[in-house]
Number of protein chains: 2
Amino acid sequence: MSGKRKGLGRATVHDVAKLAGVSSITVSRYFKQPGIVSQGLRDRIADAVARLDYLPNHAAGGLASTHGRIVAMVIPNISGPIFANTIQSFSDELNRHGYQLLLASSSFSIEKEESAVRAFLGWSPAALVLTSQYHSEETERLIAKANMPIVETWDYVPARNPLQVGFSHVEVGRQSVAYLHGKGYERIAFVQNSMVGDLSALDRRDGYIAQMTENGLKPWVFVPTQADPFEAGRQAINALLLRPQPAEAIIFANDNLAAGGMLAGTRAGMSFPGDCAIFGFGNYAFAELLLPSLTTIRPPAREIGEIAALRILQALGDIPVEGAVPHLNLLDCELIVRESA
Amino acid sequence: MSGKRKGLGRATVHDVAKLAGVSSITVSRYFKQPGIVSQGLRDRIADAVARLDYLPNHAAGGLASTHGRIVAMVIPNISGPIFANTIQSFSDELNRHGYQLLLASSSFSIEKEESAVRAFLGWSPAALVLTSQYHSEETERLIAKANMPIVETWDYVPARNPLQVGFSHVEVGRQSVAYLHGKGYERIAFVQNSMVGDLSALDRRDGYIAQMTENGLKPWVFVPTQADPFEAGRQAINALLLRPQPAEAIIFANDNLAAGGMLAGTRAGMSFPGDCAIFGFGNYAFAELLLPSLTTIRPPAREIGEIAALRILQALGDIPVEGAVPHLNLLDCELIVRESA
DNA sequence: TTGTAGGCGTTATCAT
DNA sequence: ATGATAACGCCTACAA
């Protein structure tokens with residue numbers, strides 16, 4: 001009586017079709033384009049679905065239609081303070097339109113990114129989202145021949161092929177200098193990220209150097225050797241302030257470093273911004289909880305997720321667009337002036 | 001020449017098999033159990049795979065084998081400070097064994113959780129992970145008849161059916177009281193979470209009440225009306241300290257509330273723990289950056305993700321176990337004593 | 001160790 | 001508006 005294979009034991013379109021007295025393709029259409037199924041059949045199908053507790057099998061659907069309603073995303077890390085908002089807004093927006101998120105983290109390693117991309121492509125996702133412009137050659141090759149929308153987030157590099165949704169890190173570096181110089185500071189130092197692999201942070205440093213030079217100031221980059229961001233911040237404060245010509249202002253590559261530096265300084269009896277102005281990047285959750293609260297730049301993390309999802313849904317035809325889907329999406333960072341600078 | 005349907009345009013097992021001069025099932029085995037394919041064929045297949053740039057189609061594989069190498073997880077939120085570490089460690093551990101993570105957030109809404117579960121089941125995942133014991137009836141029904149390992153994380157409720165990986169929120173509430181009472185405090189207040197839907201936070205409150213009562217102290221619960229955690233913290237400080245018999249110690253439902261309260265108090269000229277001891281929950285990233293640094297309880301967020309992944313991989317046979325896969329996994333929270341209490 | 005046959009559940013294509 | 005048929009790409013079951 002039984003066939004040779006087991007299956008899931010769940011009801012299938014065929015079961016529903018039989019119970020409703022229609023063909024299975026009609027059941028399929030009932031889910032995909034209810035509009036073209038007549039009212040009478042719709043009711044019968046709805047009833048059968050409820051009675052059999054039918055759940056569509058997306059793996060089968062994806063196989064039959066060459067790609068499923070799934071979108072893959074590779075992000076450097078999930079638990080850090082940076083990308084979580086992007087993942088959240090991206091995921092929410094996709095879910096709202098019936099897509100699911102397949103997620104992996106690369107830990108800022110292009111090898112791990114590559115293996116995630118490879119695994120993801122095997123699922124034939126509807127679209128693929130990466131972070132930044134920095135990938136392995138093999139990843140470049142894979143995405144070049146992948147037949148789906150590809151999106152690069154966070155970095156904004158107009159010359160690249162994938163759809164861009166991000167901001168200019170170089171501009172952030174420049175903006176930081178412009179703000180501090182505008183307030184009269186001249187000996188402005190930059191503390192580089194101690195996190196290896198975060199190449200975008202170096203773009204911010206380059207922007208700092210360019211703007212300092214243009215303003216006739218001397219760039220002064222400190223590279224911490226400590227890996228722990230709070231330790232690195234402490235190290236930077238000691239190196240830049242306990243010297244004959246101390247820094248008047250310090251731009252840290254991110255808020256973690258800035259907080260570590262400020263904490264170490266405060267405990268050593270310094271006061272900010274009195275002894276030195278402190279400027280961060282990221283607007284992490286704690287920035288407004290510090291004493292003094294931290295002046296920083298807020299990257300459009302949530303917006304990046306939203307726009308990336310929007311562009312993908314437009315490219316897939318789930319959201320209407322006028323004309324072509326915008327390929328270049330340059331978002332603004334927000335300068336958040338608080339007490340520290 | 002061409003068939004009737006398009007497909008992905010990518011090479012398939014059949015193409016690889018033809019080029020290598022073997023049958024397609026041998027190619028399949030080459031990927032799943034390389035050990036049982038002879039060296040000669042392995043080499044020829046490897047060559048063909050490289051030449052054709054073959055990528056396995058996981059949707060097809062999943063369909064054929066009734067469930068794919070994908071694990072689904074529903075979490076209240078991704079961007080908050082709480083669950084990110086769990087997602088990160090869970091995802092990393094799964095990836096390491098060739099599984100991919102399908103993720104959705106519920107925003108603490110059991111309806112959203114239900115719709116995510118429904119969508120996920122359509123992908124026939126190898127396992128399903130939920131957060132906490134609080135679900136809709138329909139979700140309960142769906143997971144009861146789903147034929148796969150189900151894991152509940154964060155809450156630990158031995159009586160429940162799904163595999164449990166978590167800790168006791170009630171115990172956390174008790175532990176907080178025990179620590180503070182042990183230091184001599186008696187007028188110990190509890191500030192409830194203002195986040196609606198976070199039912200587990202109420203379990204911590206219940207533990208607080210139980211332990212206070214057992215210790216012969218009078219429970220004193222303050223419920224903020226402000227939704228923003230920092231505002232709510234400020235509200236609590238005003239209500240509990242600016243009164244004739246002020247609180248000697250305050251346990252906040254989480255570190256956000258504690259930080260907000262402490263900041264408001266500090267700016268109003270209070271000093272901690274001098275005027276009042278402050279105790280949090282969560283050990284958020286900023287806890288050690290505050291002045292004073294925050295005494296709190298660290299939930300085993302990372303460990304929960306690791307153990308959940310381990311148990312799933314054991315249940316699926318990807319990691320060996322002695323005997324049955326442990327169903328009840330009670331993890332410890334860590335009391336982190338800093339300056340604030 | 002390797003191969004043959006056919007089904008997993010859905011949807012594209014063509015027909016009515 | 002609805003249906004019949006076959007195909008999506010892989011893997012289980014059985015055979016050799």
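Everything numeric in this text was worked out from a predicted model, so none of it was measured. Per chain, numbering begins at 1; letters A, B, ... match sequence-line order.
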Of the listed nucleotides [options], the one nearest the side chain of [X]:
X       : options               : value
A/Ala64 : C/dC8, D/dT12, D/dC8  : D/dC8
A/Asn57 : C/dG9, D/dC11, C/dT2  : C/dG9
A/Ala60 : C/dA12, C/dG9, D/dC10 : C/dG9
A/Val13 : C/dT10, D/dA4, C/dC8  : C/dT10

Taking only Lys NZ, Arg NE, NH1 and NH2, and the carboxylate oxygens of Asp or Glu, determine whether [X] and [Y] approach each other closer than 4.0 Å.
X        : Y        : answer
B/Arg42  : B/Asp47  : no
B/Glu140 : B/Arg160 : yes
B/Arg141 : B/Glu137 : no
A/Lys145 : B/Asp53  : yes

Report the distance from atom [atom1] of [X] to atom [atom2] of [N], rounded to the nearest whole Å.
X       : N      : atom1 : atom2 : result
A/Lys18 : C/dG9  : NZ    : P     : 13 Å
B/Arg69 : D/dC11 : CZ    : P     : 11 Å
B/His58 : D/dC10 : NE2   : P     : 10 Å
A/Arg10 : C/dC8  : CZ    : C1'   : 12 Å
A/Ile25 : D/dT2  : CD1   : C1'   : 10 Å

Q.
Quick check on D/dC11: is either OP1 or OP2 less than 4.0 Å from any side-chain nitrogen or oxygen of B/Ser24?
A. no
Q: Look at the side-chain N and O atoms of A/Thr26 and state whether any lies under 4.0 Å from the OP1 or OP2 oxygen of D/dG3.
A: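 Checking A/Thr26 against D/dG3: at least one side-chain N or O falls below 4.0 Å of OP1 or OP2.
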Q: Could you check which residues of residues 29-56 of chain B get a heavy atom under 4.0 Å from DNA chain D? Sort them by number, please.
A: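 Contacts with DNA chain D under 4.0 Å: B/Lys32, B/Tyr54, B/Pro56.
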Q: Return the minimal non-hydrogen interatomic distance between B/Pro162 and B/His327, and the atom names on each side.
A: O-NE2, 3.2 Å
Q. Where do A/Phe108 and A/Tyr134 land on the ring pair (Phe, Tyr, Trp, His ring centres under 6.0 Å) test, with the steps shown first?
A. CA-CA 10 Å; A/Phe108 287 102; A/Tyr134 302 106; over 10 Å; no
Q. What about the rings of A/Phe90 and A/Tyr99, do their centers lie closer together than 6.0 Å?
A.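 Judged by ring-centre distance (under 6.0 Å), A/Phe90 and A/Tyr99 do not meet the cut-off.
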Q) Across the strands shown, which category fits B/Ser23 at heavy-atom distances under 4.0 angstrom: base, sugar-phosphate, nothing? A)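 The residue B/Ser23 makes base contact.
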Q: Under 4.0 Å between any heavy atoms, over every strand shown, what does A/His14 touch: base, sugar-phosphate, or nothing? Just pick one.
A: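 Contact class for A/His14: base.
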